[in-house]
Amino acid sequence: MSLFGRLDKNRPRKDASLLSGTATRRSSRLDRKRDTLADLRRRIQERLLSEIDPNWDASRADEIRQTIRELLDQILQQEGIPLSRAERQRLYEQLVAEILGFGPIQPLLEDDSITEIMVNGPKQIYVERGGKLYKVPIQFEDDAHVMRIIERIVAPLGRRVDEASPYVDARLPDGSRVNIVIPPISLVGPVVTIRKFFKKPLTIDDLIRFGSITPEAVQFLEAAVKARLNIIVAGGTGSGKTTLLNILSGFIPEGERIITIENAAELQLRQEHVVRLESRPPNVEGEGEVTIRDLVINSLRMRPDRIIVGEVRGGEALDMLQAMNTGHEGSMTTLHANSPRDVLSRLETMVLMAGMDLPTRAIREQIASAVDLIVFQSRMRDGSRKVVAISEIAGMEGDVISMTDIFVFEHGGYREGKVHGRLRPTGLRPKFMDKIRAAGIYLPPRIFSPQPPGR
């Protein structure tokens, strides 16, 4: 036996049960410390909530932060609780988030890589990052804790959510869109879904870099917007319709009066002459509602050059088509649909929701006359958003609306967790090229030429 073997043989070995007992004691100490910190945070939080006016002025935020810091230091000193500098800072940040922000989800709201936050009751929180869902190790204490944060969201907006009105749409101060559902209609506790509002909106260069659209398609769409064509951006939920609508709106030249109409203001137009309108739900007495349709009708009296509706969902579709047909060319909107062809049937259904007893052919003629272009966006299997079709409404053939694909996404397969492919021209030129040329815009023929697969 070698010297090393003898030394190893003679060295006393730690018993496995002893190691296990040490690990258990260490874990127990960590759990006790975690419970102590949680109890400490709850006590400081309750004391602060009792001392601070719930309708505190936002300008007092620095003063309240200082109060939180002083009270934390005072209680730690009185109770002799030893905390490292990092633990003390983390506890302070949690208290600030609880008193001034939105509790446990405040760090998620500040994370720019997260696009959506989903709270399914107090113990289950998911986020969307890069188009995919992930569960995060963050929890609320209980249903009451979630309800306290919900109250902080809706109170400044003059809204309420309770058993009589158990769901509500709201907005955070930064513009993020919030949907809230509480028991009894939610069986998992209070549910909060937040679609985040980006402080720095995506640009067309970002979409090209992400592979969502090609430079040739962008050049074509820019010409279509400047030539005052009526455009519908369609797609499924979360496919990026509003983002694309916002980018297309950016191509509208300065000097035009633009009116935007939305349920929750998300569009971020950079032009100077923009009037932003937002619908309003009914109040507690069920009065005071202002619908998208009301706003579309009213906007016609406001001398708009362009009307941009964030999304059409019902009878306002008829008024939007009327506007497009009566001198408000260059208007744009979004709607939910499963395919470019499905956009047309959805529009028909929504026109009928206006309560007008119109024959089907008359509705289709209105659509064919009003809409020039449909841009269809899809959310792919890998979570990416891509424009998959740009189609022209070419007119009527009998009782059917004729549609021509100008660009179509060519799938290249699914490799290494990513969808491969490219938006390619079909080789067909749209009939509205005369309008584009009349606007003084020249599009090179290569934009419409089918490109070889290697490109």
Do you see a donor-acceptor pair shorter than 3.5 Å between the side chains of Ser212 and Arg385?
no

Taking atom NE2 of His328 and atom CZ of Arg306, what is their separation to the nearest 0.5 Å?
12.0 Å

So if I apply the side-chain contact (heavy atoms from CB on, under 4.5 Å) rule between Leu423 and each of Val218, Val408, Val388, Ile390, which one comes out positive?
Ile390

Can you name the nearest heavy-atom pair linking Pro166 to Pro184, along with the distance?
CB-CD, 4.5 Å

What pairs meet the salt bridge (Lys or Arg N to Asp or Glu O under 4.0 Å) rule with one or both residues in residues 332-355, with sequence neighbours excluded?
Glu348-Arg364

For atom CE of Met356, decide whether the heavy atoms of other residues, nucleotides or ligands shown that lie under 6.0 angstrom number more than 12.
no

Show the atom names and distances, to 0.1 Å, of all donor-acceptor pairs under 3.5 Å that link a side chain in residues 242-253 to residues at least two apart or in another chain.
from   : atom 1 : to     : atom 2 : distance (Å)
Asn246 : OD1    : Gln268 : N      : 2.5
Ser249 : OG     : Leu245 : O      : 2.7

Are more than 12 heavy atoms from other residues, nucleotides or ligands located less than 6.0 Å from atom CZ of Arg361?
yes

Check: Thr214 and Phe409 side chains under 4.5 Å, non-hydrogen atoms:
no

Gln366 and side-chain contact (heavy atoms from CB on, under 4.5 Å): which partner among Leu358, Val371, Leu321?
Leu321

Does Arg381 have more than 12 heavy atoms from other residues, nucleotides or ligands lying within 6.0 Å of its CZ?
no

Under the salt bridge (Lys or Arg N to Asp or Glu O under 4.0 Å) rule, what pairs show up with a residue in residues 314-336, not counting sequence neighbours?
Arg293-Asp319

Greater than 12 external heavy atoms within 6.0 Å of Lys123's NZ
yes

